Amino acid sequence: MAARTPESVASPASSTLMEMRDRLIVALDVSTAAEAQQLVQRIGDAAGIYKVGLQLFTAEGPQLVRNLVSSGRKVFLDLKLHDIPNTVGHAVKAAAELGVYMLTVHASGGAAMLGAAAEASANRINLLAVTVLTSLSTDDLHQVGIPDQVADQALRMAALARSAGCQGIVSSPRELVPLRNLLGEDFMIVTPGIRPAGAETHDQQRTATPAQAISNGASHIVVGRPITHASDPVRAAQGIIREMEQARINR
Ligand code: C5P
């Protein structure tokens, strides 16, 4: 089955009409709805998408997501689902009913699980598959019985995700070029580990600048602390968008 673009989503990943602002995802890595709302109010339309991950979702639950969606925000719900197809399908349906824009599942859940997720999403969500967690090394893969290198496994998982009907994948900046070559232009590749040129890396080991990520084929970038911890988060977001635009012009 070919990758589908949800009808609720205006543009395919590669569209040059898609503003860079709509490709910038801000990670709301906080524990309370109050902190999250405060960040969203401060940053506002300077970023197009807000990511709610396990920390915030576990603490505050779906009401926070409903509130963000009803205030007009696009929400990336980063729950990295991995369970039997029936359970994942029902969870995807519940996420679709919340009105989220993007949702993550683990590609390693297999074709049946990914297929159930795609069917349950009924074209209402951009389903993104995590290929290989960037915290895993090739040795870690060997330990769980996967004989390949991380890069090869990431490519295999990406192909599986696409054939099962996902709209995109999450990838480290490191594997972007071969992934984009494999997947073609109209598939979302979402990349975290982004640091503007000269910014502090925090605990990220292998970072890329916004410009590098876009020129290497990312459709979206995830940025947390360089925006959320900035003294002027709007300015920080605008600087990142300028870098992204420059890279697109050069791509
Ligand atoms: O603050 P920072 O920009 O490092 O935040 C990056 C966000 O992307 C966090 O929400 C983090 O969990 C997520 N992420 C990541 N690396 C991965 C997968 C997700 O940094 N490999």
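First listed ligand is number 1; within each ligand, the first listed atom is number 1. Being a predicted model, the structure only gives us computed values, none of them experimental.
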> Have Thr207 and Gln204 got a donor and an acceptor in their side chains that come within less than 3.5 Å?
Replying inline: no
> Under a 4.0 Å heavy-atom cut-off, which residues neighbour ligand 1?
Replying inline: Ala27, Asp29, Lys51, Thr134, Pro192, Arg195, Gln204, Val222, Val223, Gly224, Arg225, Pro226
> Can you list every pair that meets salt bridge (Lys or Arg N to Asp or Glu O under 4.0 Å) and has a residue in residues 41-51, with sequence neighbours left out?
Replying inline: Asp45-Arg73, Lys51-Asp78
> With sequence neighbours excluded, what pairs up with Glu245 under the salt bridge (Lys or Arg N to Asp or Glu O under 4.0 Å) test?
Replying inline: none
> Side chains of Gln63 and Asn67: donor-acceptor distance under 3.5 Å anywhere?
Replying inline: yes
> Any chance the side chains of Gln55 and Ser31 put a donor and an acceptor closer than 3.5 Å?
Replying inline: yes
>> Please list all pairs meeting side-chain hydrogen bond (donor to acceptor under 3.5 Å, both in side chains) that have one or both residues in residues 147-158, counting only residues at least two apart or in different chains.
In response: Asp148-Arg156, Gln153-Arg156
